[in-house]
Amino acid sequence: MRKLLVLLVAVIAAPALSSSYGEVSRAVKDDQLLQSAGLDPGQAEMRKQCSAAVLETDDPPEFFDCVYVQTDKDLNLFSLEDGYLMSELQLKLHNMDGVALQHMGRFSQLQIFSGKRVTALYIHANKWIDPKETRAVYEWLLERGVRAREPQRWIGP
C-alpha cells in the first residue's frame, strides 16, 4: 500500500501540479510546435500527453512531462522547453526490440525496449494517468509489428 501511495504522489500528483503540465497539454494539439520540431503534423497518427523516463544507465529514473507523437514509422517523445518541443527520444518502429505493459494496482506502465535503453511512459488524460490510453498505445505498437516482451520490474518510485 505504501508503494502505491508513493507512486501516486510522485507520478500522478507531481506532473499535475507542475507549472508546465497545462502547457504540455496544449502543445499536444499545436501543429506549429510539431512542425518546428521537425515533424509534419499530417504524418502524426497519434498524439498524446504523457510522462516518461528514458533509462540508459543504472541511474534512478527521472520522469518528465512529454508529448508522445506516433507516425507510421516512428515514435517520438518531446519535452516542452521555453515554448519549443525538444526531442527526448525518437525510435523507428522496426528498430524497437519490444514493448511491454507492467502493472501496479490499477496503473499501467508502457515499457519500450531498444538496445540497452528502456523507456517507461504513462499516457495522461484529464491530468491523470490513464491506464486505458496507455494500453491503447501498447496495442497500437503491437499492431504495427513491434513484438511483445516480458516487462521489467516497475520502473520509478
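The figures here come from the full heavy-atom set of this structure, side chains too, leaving out hydrogens, waters and symmetry mates.
Under a 4.0 Å N-O distance rule, the pair E56/K116 does not qualify as a salt bridge. Using a cut-off of 4.0 Å between Lys/Arg side-chain N and Asp/Glu carboxylate O, D30 and R47 are scored as not salt-bridged.
With hydrogens and angles disregarded, no donor-acceptor distance shorter than 3.5 Å links the side chain of Q111 to the backbone of V99. One N or O on the side chain of D97 and one on the backbone of G115 form a donor-acceptor pair closer than 3.5 Å. For Q70 (side chain) and A44 (main-chain N/O), no donor-acceptor pair under 3.5 Å exists by modelled atom type. Using a distance-only test at 3.5 Å, with no hydrogens or angles considered, a donor-acceptor pair links the side chain of Q102 to the main chain of Q152. Checking side-chain atoms of S51 against main-chain N and O of F63 turns up no donor-acceptor pair under 3.5 Å.
Aromatic ring centres of F78 and Y68: separated by at least 6.0 Å.
Taking both residues in full, the closest heavy atoms of L101 and S108 are given as CD2-CB, 4.0 Å, listed atom of the first, atom of the second, then distance. Heavy-atom minimum distance, E88 versus S79: OE2-OG, 2.6 Å.
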Criterion side chain to side chain contact (heavy atoms under 4.5 Å, CB included) on D74 and L91, from CA distance to verdict: CA-CA 5 Å; D74 57 18; L91 284 173; 5.9 Å; no
CA sep, side-chain torsions, deciding dist, call: R117, V54, side chain to side chain contact (heavy atoms under 4.5 Å, CB included): CA-CA 7 Å; R117 181 180 345 170; V54 180; 3.4 Å; yes
Steps toward side chain to side chain donor-acceptor pair (under 3.5 Å) verdict (T71, E45): CA-CA 5 Å; T71 71; E45 293 187 12; over 6 Å; no
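Annotation: side chain of L141 is in contact with side chain of L93 (closest heavy-atom distance under 4.5 Å). Side-chain contact check for V67 versus V24: some heavy-atom pair is nearer than 4.5 Å.
L75 and F113 are assigned to two separate hydrophobic clusters, defined by single-linkage of ILVMFWY side chains at heavy-atom distances under 4.5 Å. Cluster membership check: F64 shares its hydrophobic cluster with L89, using side-chain heavy-atom separations under 4.5 Å among Ile, Leu, Val, Met, Phe, Trp and Tyr.
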